[in-house]
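Data first, discussion second: the structure below is written as structure tokens.
Residue numbers begin at 1 in each chain, while the letters A, B, ... track the order of the sequences.
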Amino acid sequence: MLDLKRLQKDFDSVVEKLKKKSVKDEVLKELKRLFIALKEKRSELEELQSEQNKKSKLFPIYLKEKKDISTLKKELEENKQKIASKQKIVKELEGELEEYALSVPNIPDDEVPEGKDENDNIEIKRVLEPREFDFEPKEHWELGERLEWIDFERGVKLAKSRFSVLKNGAAKLERALINYMLDFNSKRGFDEVCVPYIVNKESMLSTGQLPKFADDLFKIEGEELYLIPTAEVPLTNLYRDEILKEEQLPILMTGYTACFRKEAGSAGKDTRGMIRQHQFDKVELVSITKPEDSDEIFDKMVECASDLLTSLELPHRLVMLCGGDLGFGATKTVDLEVWLPGQGKYREISSVSNTRDFQARRAKIRYKDGKKNRLVHTLNGSSLAVGRTLIAIMENYQQKDGTIEIPEVLKNYL
RNA sequence: GGACAGGUGGGUGAGCUGGCUGAAACCACAUCCCUGCUAAGGAUGCGUACUGGCAACGGUACCGAGGGUUCGAAUCCCUCCCUGUCCGCCA
């Protein structure tokens with residue numbers, strides 16, 4: 001959530017910065033108006049309540065002194081009505097304000113390039129040269145079907161489209177990758193955590209999936225519970241409504257979970273293969289830091305993901321997302337794109353974002369800075385999407401005869 | 001899922017025959033005093049959010065959540081959630 005005080009104070013600069021995310025200034029104007037109106041009404045309400053409290057205290061005194069209480073009682077009753085109606089106004093304003101405030105995205109950093117979609121993203125650097133093939137490299141689905149590693153039809157039979165089944169080498173590789181990644185991250189100082197795949201509404205609100213992106217989530221019927229679209233949600237929410245000690249920070253976590261996404265807006269995209277599934281495995285990194293440390297931790301997380309790819313000898317590049325491609329809660333995001341020789345393209349395999357205090361404000365995650373409570377910064381990034389890593393290994397390590405070599409570092413894991 | 005018991009400040013835990021309780025006491029924590037030794041004693045402070053004020057210091061709300069009764073509720077009533085124990089079920 002935006003800092004509404006900042007919106008009130010630096011209105012023009014916030015409007016300017018949010019243009020990168022194409023937020024209309026009318027929305028911000030309305031938000032500011034509601035914020036100011038609410039403050040005013042709230043202070044009027046508090047004045048009435050203060051009066052009521054003072055007079056209420058007279059009540060037992062009057063009784064003791066056997067004074068007539070009928071006038072006092074009448075006053076109190078009248079004031080009570082005033083409070084009730086004022087309260088109604090305040091509640092309405094609060095509701096409206098919340099609706100607006102929760103739907104406005106985070107403010108991009110100054111270094112974030114302008115642009116409207118992925119075509120305007122900026123490549124930062126490339127790591128490792130793509131391998132030269134002396135044959136036509138195949139796409140992963142072809143390799144997968146031929147090796148009986150991936151069964152697309154039966155995935156659909158079990159659930160629906162965009163589900164698949166891993167068998168044989170793929171199943172083993174999937175498991176090996178998860179273990180390898182968790183170990184890799186642990187060595188970099190990220191503590192391994194194992195969390196629920198189902199979370200409540202509050203958790204989804206805190207990290208920003210709700211209220212705006214309900215269509216992307218699988219909801220449990222009859223309950224206010226959702227399947228997680230990423231481990232970022234439970235990992236970040238671990239500390240929701242808590243005030244942390246300064247010594248606890250930074251908190252660096254890594255965790256494996258399955259992830260579930262409806263892919264509502266992706267009709268027709270990546271329908272072939274395993275790139276875009278409703279259920280996929282991911283090892284995630286989440287950090288909770290003091291504000292002044294978050295840029296450093298951000299770089300550490302990007303480096304961790306990039307080094308992981310390098311250790312698997314997978315060619316990739318780092319891309320700075322432009323404003324239009326930036327996620328709802330992010331101030332800055334670096335994507336890692338892995339080279340897929342079958343497709344002849346770099347494809348997203350990891351995404352590291354700094355949300356600064358955006359999620360922390362919603363989730364009320366703070367820390368004691370001396371006497372004061374300050375909001376922390378939260379960061380999240382895929383270590384790597386496991387399924388896409390599997391694909392990348394298949395395509396990059398394929399041999400002329402259609403078999404797949406195994407990356408050196410994974411050999412101990414199989 | 002059934003029965004009973006509970007949910008109070010960082011922790012333990014009083015209050016729960018409605019007003020003097022935003023909340024005793026103890027522990028933990030912080031600062032200070034005393035003491036020279038690996039201890040103890042004493043003083044003060046110590047919830048959160050919003051809000052007024054340069055500040056000192058005030059105001060409002062919050063005793064699991066949401067409603068209700070009342071001039072007034074942590075205290076009474078209703079609904080929900082959660083925890084504990086026993087039973088049932090199960091990896």
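In this structure, A:Q52 and A:K5 both approach RNA chain B, and ranking their closest nucleotides by distance from the 5' end singles out A:K5. Comparing A:E77 and A:S43 against RNA chain B, the residue whose closest nucleotide sits nearer the 5' end is A:S43.
For the C1' atoms, the distance linking B:rU8 with B:rC62 amounts to 12 Å, nearest Å. Only the C1' atoms considered, B:rC80 is 34 Å distant from B:rC26, to the nearest whole Å. Between the C1' atoms of B:rG13 and B:rU21, the separation comes to 15 Å (whole Å). Look at the P atom in both B:rA74 and B:rC63: the space between them is 6 Å, to the nearest Å. Annotation: B:rA39 and B:rC34 have their C1' atoms spaced 14 Å apart (nearest Å). If you take atom C1' in B:rU44 and the same atom in B:rA5, they sit 40 Å apart, rounded to whole Å. Between B:rA61 and B:rA23, the two P atoms lie 13 Å apart (nearest whole Å). For B:rC46 and B:rG10, the C1' atoms lie 10 Å apart once the distance is rounded to whole Å.
Of the residues A:E153, A:R154, A:Q277, the one that meets the side chain to side chain donor-acceptor pair (under 3.5 Å) test with A:S164 is A:Q277.
The distance from atom CD of A:E94 to atom CD of A:E92, rounded to the nearest 0.5 Å, is 11.0 Å. The OG1 atom of A:T236 sits 6.0 Å away from atom CE of A:M253, with the distance rounded to the nearest 0.5 Å. Between the CG atom of A:L76 and the CD atom of A:E51 there is a distance of 9.0 Å, given to the nearest 0.5 Å.
The partner of B:rU17 is absent, by the rule that a Watson-Crick or G-U pair needs both atom distances under 3.5 Å. For B:rA24, there is no paired base (Watson-Crick or G-U wobble, both distances below 3.5 Å). Nucleotide B:rA43 forms a pair with B:rU31, judged by Watson-Crick or G-U wobble geometry with both contacts under 3.5 Å. The partner of B:rG53 cannot be assigned: no Watson-Crick or G-U wobble pair with both contacts below 3.5 Å exists in any strand. Figure legend. B:rA3 is base-paired to B:rU85; pairs are counted as Watson-Crick or G-U wobble with both atom distances under 3.5 Å. Nucleotide B:rG9 is matched to nothing when pairs are restricted to Watson-Crick or G-U wobble geometry with both distances under 3.5 angstrom. Of all nucleotides present, none satisfies the Watson-Crick or G-U wobble test against B:rA74 with each distance under 3.5 Å. Figure legend. B:rU48 is base-paired to B:rA61; pairs are counted as Watson-Crick or G-U wobble with both atom distances under 3.5 Å.
The distance between atom CD of A:Q8 and atom C1' of B:rU51, rounded to the nearest whole Å, is 13 Å. For the pair A:I83 CD1 and B:rC71 C1', the computed distance is 11 Å after rounding to whole Å. Here the C1' atom of nucleotide B:rC29 and the CG atom of A:L244 are 17 Å apart, to the nearest Å. With rounding to whole Å, A:L97 atom CG is found 13 Å from B:rC50 atom C1'. Taking atom NZ of residue A:K88 and atom P of nucleotide B:rG67, one finds them 14 Å apart after rounding to whole Å. The interatomic distance linking A:E224 (CD) with B:rC82 (P) rounds to 13 Å, in whole Å. Rounding to whole angstrom units, CZ of residue A:F59 and P of B:rG19 are separated by 14 Å. Spacing between atom CG of A:L72 and atom P of B:rG19 amounts to 17 Å, rounded to whole angstrom units.
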With B for base contact, S for sugar-phosphate-only contact and - for none (protein heavy atoms under 4.0 Å), nucleotides 54-60 of chain B reads -----BB
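Annotation: salt bridge (charged side-chain N to carboxylate O under 4.0 Å, His left out) contacts of A:E16 (sequence neighbours excluded): A:K19.
The phosphate of B:rC71 (OP1 or OP2) has no side-chain N or O of A:K82 nearer than 4.0 angstrom. Within the structure, every side-chain polar atom (N or O) of A:K55 is placed at least 4.0 Å from both OP1 and OP2 of B:rG72.
Here A:K245 lies out of heavy-atom contact (under 4.0 Å) with every strand. Counting non-hydrogen atoms under 4.0 angstrom, A:K39 reaches the backbone sugars and phosphates but no base.
For A:A264 against A:D215, the heavy-atom pair with the smallest separation is CB-O, 3.6 Å.
Cation-pi geometry between A:K201 and A:Y226 is not met at under 6.0 angstrom from the ring centre and within 45 degrees of the axis. Cation-pi geometry between A:K332 and A:F298 is met: under 6.0 angstrom from the ring centre, within 45 degrees of the axis.
Between A:T331 and A:V112 the shortest side-chain heavy-atom distance does not fall below 4.5 Å.
Ion pairing of A:K73 with A:D68 is absent here, as no side-chain N (NZ or NE/NH1/NH2) approaches a carboxylate O to less than 4.0 Å. With salt bridges taken as basic N to acidic carboxylate O contacts below 4.0 Å, one links A:K17 and A:D110.
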Under the criterion salt bridge (Lys or Arg N to Asp or Glu O under 4.0 Å), I'd like the reasoning laid out for A:E303 against A:K300: C-alpha separation, chi angles, the key distance, then a yes or no. CA-CA 5 Å; A:E303 188 182 73; A:K300 181 185 164 102; over 6 Å; no
Would you tabulate the nitrogen or oxygen pairs shorter than 3.5 Å linking the protein to nucleotides 47-49 of chain B?
residue	atom	partner	partner atom	Å
B:rU48	OP1	A:K368	NZ	2.4
B:rU48	OP1	A:N373	ND2	3.3
B:rU48	O3'	A:R366	NH1	3.1
B:rA49	OP1	A:R366	NH1	3.1
B:rA49	OP1	A:N373	ND2	3.4

